[in-house]
Amino acid sequence: MDDPEVRNTTAAVVNTRAPALARACGRTTWEAKALNNLGRSHLLRGDHRKAMPHCREALALLEKLGTDPDGQAHAQECVGDVHRDFGELEPALRHYREALRIREELGNHYTRAGTLRRIAAVHHASGDVQAESNALRHALAVLDRLDHPEAGAVRTAPQSAERGHRAAVGKVDFVDLEHTAARLGVPVDEVDRVHRLAGDLPSAPLPAKADAPALLDRLSVPPEDATEIMAGWPDPDSPLWTPELRWLLDRSTALVRADLDGHDWLPPGPELPRDRGPAWRHLYVYVYLALVDVARRYHREHGIADAVSWTTLADLGRNLAVDRRMRGEGWPVMQSWLTLHVRGGVYELGRLQHQRGGDAISLHIPDSGPLTPDAVTASLDEARAFFPRHFPDEHHTVFSCGSWLLDPQLREYLPADSNIIRFQQRFELEPYEEPEGIDADVEVLRFVFRTLTTPLDRLPRRTVLQRAILDHLQAGRHWQWRRGRFPF
Ligand SMILES: CC(C)(COP(=O)(O)OP(=O)(O)OC[C@H]1O[C@@H](n2cnc3c(N)ncnc32)[C@H](O)[C@@H]1OP(=O)(O)O)[C@@H](O)C(=O)NCCC(=O)NCCS
């Protein structure tokens, strides 16, 4: 069942059979819901023609039944979505308005905001700026009243300048998921994920190409990478950019932007075959560049100084440099990590990077020279002043860290006064549990040798740590990824 193709096929079979099963049981509401799901699944696959009859049938059943207004509103929206994806904006609007009317009657506020955003998107597509902004204002008022986090995404909805950009980038309304995935050389469920999460949420424009060299310099991007990034720039007429790549750039930017203020790791899209050229190699760098302005605005709104803002964002250059050392092996992790910076989730304060999240500030240690105790103390002190000042609504009580650096087995090899051991001494360790999805043996190779594939007997043994890592692994032992914490 873990094979995505098997999963998709199974889901399709279940969706296809569900309406008949529900009918056989005499459950009309279930039947309508199943028809709606079936319609949606066709819509998701870009097959509008197949979607429409199912969505219409669901709506007709629910209207006849008259006992499930919420389902009816949902079905109205579904028919509206199919019309919208066909480019039939008038009928789409009619169905959305009907859904809105029902939801207003039901007092269902959150879903009402969703319908209003759909209405705004239709006005956006038809170029009616005034109507779009009215609908968004209403949606925002509803979300604000609910104190809902999505209000942020609505508040930063596209302004007219971005509208021009979006047209230039080439929004693909009719997304054939399988075709797109095949052309990108990635699994279809990953394209589906971007399509679902980004929907028709606003993207963000790239900076002007003429300003890019200075920006890349500011972001500490090494010259070799800056040259490639400029060569692959997504000019509207660039032959390097296929419609699928343009779609992914636009929707990945929207996906990350929609989570502005978020502080969890967020994959911005599928891992691309980066050896196909600079557009492929740096697609997520362009996403990052498009979001620099969004992040800077967010930083300013939180009163964060320019210096912190730029130092934090300049982690892009550091990661590109490390990835080059790693011959591209590091990028799949980095592309997710770097979404934290442009969503306002992480801040570099002196020696350490500090990631927001619940009551804990999670510490990260960039590759930037020795981890001296004084530098660590100064960074922690800076954070103790920074977070209450700039995020007064958040209450942080602990610093936490998850790292290979906290493995107590390192004490068998490193001197007690080494920086790593002294860093460890600050933490109270959580009991060891093998973390899901992290192999500590791979992580030590990443951070100590900057390669994941070189055979152990070909790795350098220059430092005491390198010798320790290799001796330990060659003795058949394993490293541990450990988590620890101490009071804020
Ligand atoms: C964390 C880090 C800054 C510690 O470096 P440090 O301050 O020099 O650490 P120590 O003083 O404890 O070093 C002890 C020994 O290990 C060596 N060492 C430490 N980190 C090393 C690394 N990443 N690669 C190779 N050797 C390293 C030191 O050179 C020293 O050996 P030596 O006496 O033979 O020269 C460093 O490991 C680093 O930059 N790591 C990459 C980032 C990272 O791992 N982040 C955490 C991600 S979860």
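In listed order, ligands and their atoms are each counted from 1. By convention here, the first residue in the shown sequence is residue 1. The figures that follow rest on heavy atoms only: side chains count, while hydrogens, waters and symmetry mates do not.
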How are the rings of Trp337 and Trp265 set relative to one another: parallel (under 30°), tilted (30 to 60°) or perpendicular (over 60°)?
tilted
Salt-bridge test for Lys209 and Asp235: reply yes if a basic N is under 4.0 Å from a carboxylate O, no otherwise.
yes
Mind checking side chain to side chain contact (heavy atoms under 4.5 Å, CB included) for His179 and listing every partner two or more places apart, or none if nothing turns up?
Asp176, Arg183, Glu244
Test: Asp261 and Arg356 ion pair at under 4.0 Å:
yes
Just list the side-chain donor-acceptor pairs under 3.5 Å for residues 453-466, sequence neighbours left out, or say none.
{"from": "Thr453", "atom 1": "OG1", "to": "Glu329", "atom 2": "OE2", "distance (Å)": "2.7"}
{"from": "Thr454", "atom 1": "OG1", "to": "Thr451", "atom 2": "OG1", "distance (Å)": "2.8"}
{"from": "Arg461", "atom 1": "NH2", "to": "Asp471", "atom 2": "OD1", "distance (Å)": "2.6"}
{"from": "Thr463", "atom 1": "OG1", "to": "Leu465", "atom 2": "N", "distance (Å)": "3.4"}
{"from": "Thr463", "atom 1": "OG1", "to": "Gln466", "atom 2": "N", "distance (Å)": "3.1"}
{"from": "Gln466", "atom 1": "OE1", "to": "Arg462", "atom 2": "N", "distance (Å)": "2.8"}
{"from": "Gln466", "atom 1": "OE1", "to": "Thr463", "atom 2": "N", "distance (Å)": "3.3"}

Please tabulate protein-ligand N/O pairs under 3.5 Å for ligand 1, atom names and distances to 0.1 Å.
{"from": "ligand 1", "atom 1": "7 (O)", "to": "Leu371", "atom 2": "N", "distance (Å)": "2.7"}
{"from": "ligand 1", "atom 1": "7 (O)", "to": "Asn419", "atom 2": "ND2", "distance (Å)": "2.9"}
{"from": "ligand 1", "atom 1": "11 (O)", "to": "Asn419", "atom 2": "N", "distance (Å)": "3.1"}
{"from": "ligand 1", "atom 1": "11 (O)", "to": "Asn419", "atom 2": "ND2", "distance (Å)": "3.4"}
{"from": "ligand 1", "atom 1": "12 (O)", "to": "Asn419", "atom 2": "N", "distance (Å)": "3.1"}
{"from": "ligand 1", "atom 1": "12 (O)", "to": "Ile420", "atom 2": "N", "distance (Å)": "2.8"}
{"from": "ligand 1", "atom 1": "23 (N)", "to": "Phe447", "atom 2": "O", "distance (Å)": "3.2"}
{"from": "ligand 1", "atom 1": "26 (N)", "to": "Thr463", "atom 2": "OG1", "distance (Å)": "2.9"}
{"from": "ligand 1", "atom 1": "34 (O)", "to": "Val464", "atom 2": "N", "distance (Å)": "3.0"}
{"from": "ligand 1", "atom 1": "44 (O)", "to": "Trp404", "atom 2": "NE1", "distance (Å)": "3.0"}
{"from": "ligand 1", "atom 1": "45 (N)", "to": "Ile365", "atom 2": "O", "distance (Å)": "2.8"}

Residue list, side chain to side chain contact (heavy atoms under 4.5 Å, CB included) with Glu271, at least two apart or on another chain
Pro332, Gln335
